[in-house]
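Quick notes on the structure that follows.
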Amino acid sequence: MKHIFLTGNIQCGKSTLIQSILQYSAGKLVTAGGFLTYFTNREAQKTLYLGDASIYGRLFESLTSSRISPLTLHCALANANLFPAVAAEFDGTTRPQIHLDTFNSYGCTCIDRGLEHAATLSKNPAICPILVLDECGYLESGAGNFQQAVLRALDTPIPILGVVRQMTPPSWLDSIRNHPNTKLVTVTQENRDVLAPQLANHFLSSL
């Protein structure tokens, strides 16, 4: 089965589509782990957090909303002792301050832990465990350990649902786009609503 990586313009709804795919599957498509990213804002300061994507499984059991806000994610991760880590800080005037150790340590842990959890869940024939990688982008260009963890995940049979940022080649993202197990799906405002059932069924077809 091909890994699915969403791509498209900024704020076209890629992360929201991931949430819609997981909700559409009605518990059969289970997030085993991986990572998610979200922003918090404080005055002119924007902070990007990296969190453990396994939280989606817990949230979708209790929420009916099709869109989980960054604040909800932030609180849920903390309450579950899956404390998110600061990945980058933006002040709007200079280049972002990138925390490479967050990607190389916490990010790798989220990926490896998710793969291990997925291998256990895959013993249940009624569910399809997947790894969420949302998103892979330019901030990780200097995070070699993180890049290798992503590429190792692509070589496994565990299905991946991720986001890859649009960037002009060459970049480390080329290794994701050109991987033989990767299928790129371009998301637009016009097609994002119809993609949720299509992509959910892509993963569920293995059951």
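Other residues, nucleotides and ligands contribute over 12 non-hydrogen atoms within 6.0 Å of the CD atom of Gln166.
In this structure, the side chain of Arg165 does not engage the main chain of Glu135 through any donor-acceptor pair within 3.5 Å. Remark: the backbone N or O of His3 is not paired with any side-chain donor or acceptor of Asn181 at under 3.5 angstrom. Put simply, the side chain of Asn191 never gets that close to the backbone of Val187: no donor and acceptor are under 3.5 Å apart. Between the side chain of His99 and the backbone N or O of Asp101 there is no donor-acceptor pair closer than 3.5 Å. Remark: side-chain polar atoms of Thr31 are not paired, donor with acceptor, to backbone N or O of Gly33 under 3.5 angstrom.
Using a 4.0 Å cut-off between charged side-chain N and carboxylate O, Asp52 and Arg113 make a salt bridge.
The side chain to side chain contact (heavy atoms under 4.5 Å, CB included) check on Thr120 picks up nothing, with sequence neighbours excluded. In this structure Tyr49 satisfies the side chain to side chain contact (heavy atoms under 4.5 Å, CB included) test together with Tyr38, Thr40, Thr47, His74, Pro84, Val86, sequence neighbours excluded. Residues passing the salt bridge (Lys or Arg N to Asp or Glu O under 4.0 Å) test with Asp174, sequence neighbours excluded: Arg177.
Placement of Leu121 and Leu22 in two distinct hydrophobic clusters is found when ILVMFWY residues are connected by side-chain heavy-atom separations under 4.5 Å, directly or transitively. Hydrophobic clustering of Ile, Leu, Val, Met, Phe, Trp and Tyr side chains at less than 4.5 Å, counting indirect connections, unites Leu133 with Leu184. Under the 4.5 Å side-chain heavy-atom criterion for grouping Ile, Leu, Val, Met, Phe, Trp and Tyr, Leu48 is not connected to Phe83 through any hydrophobic cluster.
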